[in-house]
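Convention: sequence-line order gives letters A, B, ...; per-chain numbering from 1.
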Amino acid sequence: MSQKLQEDLSHIRSMMERSSRFISLSGLSGVFAGLFALAGSIYAYQLFKNNDIEYFDDTQKIYSSDLIIELVFIAFAILILALGSGVFFTLRKSKKFDLPVWTNTTKKMLLNLAIPLLVGGVFCMALLYHHLFALIAPVTLLFYGLALINAGKYTFSDIRYLGACEIILGCISLFYLGFGLVFWAIGFGILHILYGIIVFKKYK
Amino acid sequence: MGIIDKLNKDFESRVRLGIMSVLMVNDWIDFTEMKSLLNITDGNLASHSSALEKSGYIEVKKEFVGKKPKTSYRVTNIGRTAFISHLNSLEKLIKSK
């Protein structure tokens, strides 16, 4: 009798969680997104070097428009690779645990993630348009952090801590303009990898 | 013996517990999603949900999306209260062991 009751309770708990939180998010997708971001940062750094720009020099940096186009291209490539690995590991995890993927909760989570991200995207386009390049890195970190906190209601709450870290980093980077690449490597690279490892271990 | 009597007979089945748990933390949930969440068959869900509806614990909405019929469920206030008191008696029972 007692065992049946315990099972009832754990069934209730798991049903509540399965239906109200998007729990297929895998920590591995965080690790891979982070690795792609770090690789991208190193590649961008090399690109500066090849163009005779010493990134950590204190002088005013003026980039040619060809270089900027290439940098934007790298950024999008990383975004697609990171999103792709996210989708891949999510589908893999949901298959393994027999969890439905495309549920109301998933849609709500994506919507809550997308709103700040899209606004941030438009904001960055405007910064590019006005040639305010130095502000792009802080703005991406800030809006990404806000998006994560917003989506945290519908998935593991750990993601909110990641969001908070991104926001703090974004705020700091506002005062160190010109080192966007470094802050990107920390925010999108190292923080993602740390978060991924923690989540992967916790919810294995 | 006293506490066991308080356990709601309507919630004895795992499927009904599942339906109620899902509805406690969500607003409207449609038939297909409920089925995939609980991992049960159409007939199983239909019979248990209509039993819960008969007890007044859940509300059933039938509508057409395009040409397809769509059934959705929501917990009623009576259902919410009944489920919470069921959870409380479960808790008491386990503690008294």
Side-chain angles (χ1 to χ4, degrees), chain A residues 1-26 86-115 149-160 202-203, chain B residues 1-40 45 48-49 52 57-58 65 70 72-75 79-80 82-97:
Chain A
M1 182 71 188
S2 172
Q3 204 196 339
K4 189 202 172 274
L5 295 179
Q6 294 280 9
E7 277 169 18
D8 275 2
L9 276 183
S10 70
H11 180 65
I12 290 168
R13 190 175 297 136
S14 99
M15 278 304 143
M16 284 183 167
E17 187 160 284
R18 263 174 93 130
S19 65
S20 65
R21 279 175 193 279
F22 176 72
I23 51 175
S24 303
L25 199 63
S26 166
V87 171
F88 173 78
F89 286 112
T90 297
L91 289 179
R92 205 181 72 150
K93 189 174 172 190
S94 67
K95 229 179 207 168
K96 195 169 154 196
F97 292 95
D98 202 17
L99 293 164
V101 182
W102 197 239
T103 61
N104 274 332
T105 316
T106 313
K107 289 174 206 163
K108 271 187 223 157
M109 190 214 54
L110 287 178
L111 181 71
N112 276 273
L113 188 72
I115 293 169
I149 290 180
N150 209 29
K153 283 170 283 192
Y154 301 104
T155 181
F156 294 126
S157 50
D158 310 66
I159 209 164
R160 287 195 219 176
K202 196 167 165 187
Y203 300 101
Chain B
M1 192 56 200
I3 315 174
I4 295 177
D5 290 339
K6 274 191 196 150
L7 279 183
N8 198 327
K9 286 274 187 291
D10 285 325
F11 298 137
E12 237 169 31
S13 111
R14 246 333 117 74
V15 176
R16 289 186 204 175
L17 272 184
I19 296 174
M20 291 305 287
S21 312
V22 169
L23 294 180
M24 288 295 280
V25 289
N26 286 283
D27 202 18
W28 291 102
I29 291 281
D30 68 44
F31 189 88
T32 337
E33 186 167 350
M34 184 67 90
K35 204 180 71 178
S36 70
L37 278 168
L38 300 180
N39 236 334
I40 52 175
L45 176 54
H48 282 294
S49 61
L52 285 173
Y57 294 155
I58 65 172
V65 178
K70 183 182 161 188
S72 314
Y73 306 104
R74 183 166 72 172
V75 68
R80 197 171 282 277
F83 192 69
I84 289 171
S85 71
H86 180 72
L87 281 181
N88 287 338
S89 357
L90 274 182
E91 204 174 49
K92 264 186 211 151
L93 257 175
I94 284 172
K95 269 185 193 156
S96 67
K97 293 273 158 153

Atom pair CG/CD1 of A/Leu9 and B/Ile94 - distance to nearest 0.5 Å: 4.0 Å
Region of B/Asp27 that comes under 4.5 Å of a non-hydrogen atom in chain A: neither
CG-NZ distance between B/Leu93 and A/Lys4, expressed to the nearest 0.5 angstrom: 10.5 Å
Test item: A/His11 side-chain N/O and B/Arg14 main-chain N/O as donor-acceptor pair under 3.5 Å: yes
Euclidean distance, B/Leu90 CG relative to A/Asp8 CG, rounded to 0.5 Å: 6.0 Å
Within 6.0 angstrom of A/Arg92 CZ, more than 12 heavy atoms from elsewhere: no
Audit row: A/Ile12, B/Phe11, side-chain contact (heavy atoms from CB on, under 4.5 Å) steps and yes/no: CA-CA 11 Å; A/Ile12 290 168; B/Phe11 298 137; over 6 Å; no
Non-hydrogen atoms of A/Met15 and B/Ser21 that approach each other most closely: CB-CB, 3.7 Å
Proximal component of A/Glu17, with respect to chain B [non-hydrogen, under 4.5 Å]: neither
Heavy-atom closest pair, residues B/Trp28 and A/Asn104: O-ND2, 3.9 Å
Other residues, nucleotides, ligands: >12 heavy atoms within 6.0 Å of A/Lys107 NZ: yes
Contacting region of B/Leu38 [heavy-atom separation from chain A under 4.5 Å]: both
For A/Ser19 against B/Asn26, the heavy-atom pair lying closest together: OG-ND2, 3.1 Å
